[in-house]
Protein chains: 2
Amino acid sequence: MVRYGKEHKAETRRRIIETAGRRFKRDGIDGSGVSTLMKDAGLTNGAFYAHFESKDDLVTTAIADQLKVQAENVVAQAAPGRAGIEQIVRGYLSPQHRDNLGDGCPNAALLDEIGRCTDTTRQAYTDGVLVLIDGIASRMAPEAPSSARVKALGLLGLLAGTLQLARALTDRQLADALLEQGVNNALALLDADQRV
Amino acid sequence: MVRYGKEHKAETRRRIIETAGRRFKRDGIDGSGVSTLMKDAGLTNGAFYAHFESKDDLVTTAIADQLKVQAENVVAQAAPGRAGIEQIVRGYLSPQHRDNLGDGCPNAALLDEIGRCTDTTRQAYTDGVLVLIDGIASRMAPEAPSSARVKALGLLGLLAGTLQLARALTDRQLADALLEQGVNNALALLDADQRV
DNA sequence: TCTATGGTATGGCGAACGTAATCCAAATCG
DNA sequence: CGATTTGGATTACGTTCGCCATACCATAGA
């Protein structure tokens, strides 16, 4: 077994990606400096460029990683079919998720900032989100028509936007009510979809 | 009496607020420096602090202004009742709006960043968005039950999230399809609401 | 002309990204 | 098994750019 070899560097790289993902979600991409990101990983800023070409390189990698993890969680943890979707929706639009930026959905935390990123980053985002989307779509329409993907994207837009709005409001009661409304909206769309 | 006339300074301030609103929406809050913001207004950075206490002060003011203008546009331009809502929804989830950051909705452009702002800024956002929301709510349920406000917030969340998602995707055809799906979703919610 | 006012020009200070020069521990080889 | 090599990490630095402040100037009204 290699002791110092490839595993060491790969593990360090992984740690940077994971802690950076959390930091980006909490403080934003522009709001997170390289030296802070490295301190989060227990390193100093100079080591950064042995792992990534640039901050943008890390941003792209971290976003892809966040979406991958989220997709795995969806696939692994949620029940199949409509029951799984309802489970996902209720967990997503919960006060716990609203109040936990770091462990939460990267879409809700970063979506408008991602829209301003480089094409490379947005491409990685697009690829990553489609994997997540397919995990959701398979539960919305098991027969999987081509429109299922678009419907799942529509659902994700609703979820992310509602959560962002709940996070931005200072009135917590109103934010709570909005989350409930969001759950009702999401479920209503699913039911309307099945009726057609 | 005042030398330059009150109008002059007030007009300069207004110009800064308006150009800053556009810049924030295009480049983000963290992505916009004070000297850039002032250059946009045709001034140099030093003059900034004759008009605002700090960048945060401008951020708060600009967000409030953006929401005020948006609320006025909604009230002024959209027809009353359900027809007005449909008009708003179709305009909001249009490719034109998606491709025009600077003139677009401040919620879609800045929502997740606003969630990370100071309490003061978030309070100003909350106050401002509620005015906008009431303009929408009055068209959703003319009898105006207390839940109309929450329903309108739910709709705004759907609209903003869907538009953000459409902006982040690199696949334009998919983004177009998502916008259409968003329109259908929004209208379905309105109809479901009326049936109850 | 005198003075208040709005704006410019300039600068301090810190943080940002990125690049070395150096260090130290593990891996390899004679 | 000791010397050498390798490579990940540290420290330090350069440059740029961020926010914020102030000394000065130009203008317009009294």
Side-chain angles (χ1 to χ4, degrees), chain A residues 1-21 23-63 110 113 116-118 120-121, chain B residues 1-63 110 113-114 116-118 120-121:
Chain A
M1 209 143 73
V2 197
R3 271 184 278 181
Y4 201 77
K6 292 201 171 180
E7 294 181 12
H8 191 197
K9 183 167 183 181
E11 193 199 316
T12 301
R13 178 185 162 93
R14 168 124 297 276
R15 198 169 66 246
I16 297 172
I17 294 169
E18 281 171 7
T19 55
R23 173 66 70 171
F24 285 148
K25 289 190 289 184
R26 287 192 343 104
D27 295 351
I29 296 172
D30 283 346
S32 305
V34 169
S35 78
T36 303
L37 293 167
M38 292 303 278
K39 202 170 290 178
D40 286 347
L43 300 170
T44 52
N45 68 16
F48 179 85
Y49 297 90
H51 294 277
F52 302 96
E53 275 190 1
S54 63
K55 180 182 176 182
D56 205 64
D57 182 15
L58 170 63
V59 169
T60 302
T61 308
I63 287 174
L110 298 173
E113 223 169 347
R116 292 187 292 265
C117 284
T118 63
T120 307
T121 301
Chain B
M1 212 38 196
V2 194
R3 311 294 164 149
Y4 256 94
K6 292 197 173 176
E7 299 168 13
H8 192 197
K9 183 167 183 181
E11 192 199 317
T12 302
R13 179 186 162 94
R14 169 124 296 277
R15 196 169 69 246
I16 298 172
I17 293 169
E18 281 171 7
T19 54
R22 297 176 60 87
R23 174 65 70 172
F24 285 148
K25 289 190 288 184
R26 286 192 342 105
D27 295 352
I29 296 172
D30 284 347
S32 306
V34 169
S35 78
T36 304
L37 294 168
M38 292 303 279
K39 202 170 290 177
D40 286 345
L43 300 170
T44 52
N45 70 16
F48 179 84
Y49 297 90
H51 294 277
F52 302 96
E53 275 190 1
S54 64
K55 180 182 176 182
D56 205 63
D57 182 14
L58 171 63
V59 169
T60 303
T61 307
I63 287 174
L110 299 173
E113 222 169 348
I114 291 170
R116 292 188 292 266
C117 284
T118 63
T120 307
T121 301

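No hydrogens, no waters, no symmetry mates; every other heavy atom, side chains included, goes into these values. Here is the naming used below: chain letters follow the sequence lines, and residue numbers restart at 1 for every chain.
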Mind checking the CD1-CD1 spacing from B:Ile29 to B:Ile114? Nearest 0.5 Å is all I need.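 So the gap between those two atoms works out to 6.0 Å.
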Counting just side-chain N and O atoms, does B:Thr12 come under 4.0 Å of either OP1 or OP2 of C:dG7?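 Result: yes.
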Reckon B:His51 has a side-chain N or O less than 4.0 Å from the OP1 or OP2 of C:dG6?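 Answer no for this pair, as no side-chain N or O of B:His51 is under 4.0 Å from OP1 or OP2.
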Polar pairs (N or O, both sides) under 3.5 Å between protein and nucleotides 16-20 of chain D?
| residue | atom | partner | partner atom | Å |
| --- | --- | --- | --- | --- |
| D:dC19 | OP1 | B:Lys55 | NZ | 2.9 |
| D:dC19 | OP2 | B:Val34 | N | 2.3 |
| D:dC20 | OP2 | B:Tyr49 | OH | 3.2 |
| D:dC20 | OP2 | B:Lys55 | N | 2.8 |
| D:dC20 | O5' | B:Tyr49 | OH | 3.4 |
| D:dC20 | N4 | B:Asn45 | ND2 | 3.3 |

Closest to the B:Thr44 side chain, choosing from C:dT8, D:dT11, C:dG7: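 Ranking C:dT8, D:dT11, C:dG7 by closest atom to the B:Thr44 side chain puts C:dT8 first.
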Regarding B:Thr118 and B:Asp56, do their side chains bring together a donor and an acceptor under 3.5 Å, going by distance alone?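 Yes.
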Rounded to whole Å, how long is the line connecting atom [atom1] of [X] with atom [atom2] of [N]?
X	N	atom1	atom2	value
B:Arg13	C:dT5	CZ	C1'	17 Å
B:Leu43	D:dA26	CG	P	17 Å
B:Ile16	C:dG6	CD1	C1'	11 Å
A:Arg15	D:dG8	CZ	P	14 Å
A:Lys39	D:dT10	NZ	C1'	13 Å

Among A:Leu58, A:Ile16, A:Thr19, which one satisfies side chain to side chain contact (heavy atoms under 4.5 Å, CB included) with A:Leu37?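 When side chain to side chain contact (heavy atoms under 4.5 Å, CB included) is applied between A:Leu37 and each of A:Leu58, A:Ile16, A:Thr19, only A:Leu58 qualifies.
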Qualifying residue, where the test is side chain to side chain contact (heavy atoms under 4.5 Å, CB included) with A:Phe52 and the options are A:Ile17, A:Val34, A:Thr60: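 It is A:Ile17, the one option of A:Ile17, A:Val34, A:Thr60 that forms the side chain to side chain contact (heavy atoms under 4.5 Å, CB included) with A:Phe52.
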Under 3.5 Å donor-acceptor, B:Glu113 side chain and A:Gly28 backbone: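 No: the side chain of B:Glu113 does not pair with the backbone of A:Gly28.
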With heavy atoms under 4.0 Å as the rule, sort A:Ala50 into base, sugar-phosphate or nothing.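 A:Ala50: no heavy atom of the nucleic acid under 4.0 Å.
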Check side-chain contact (heavy atoms from CB on, under 4.5 Å) between B:Arg14 and all other residues, then give those that pass, not counting sequence neighbours.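 Once residues adjacent in sequence are excluded, the partners of B:Arg14 under the side-chain contact (heavy atoms from CB on, under 4.5 Å) criterion are B:Glu18, B:Asp65.
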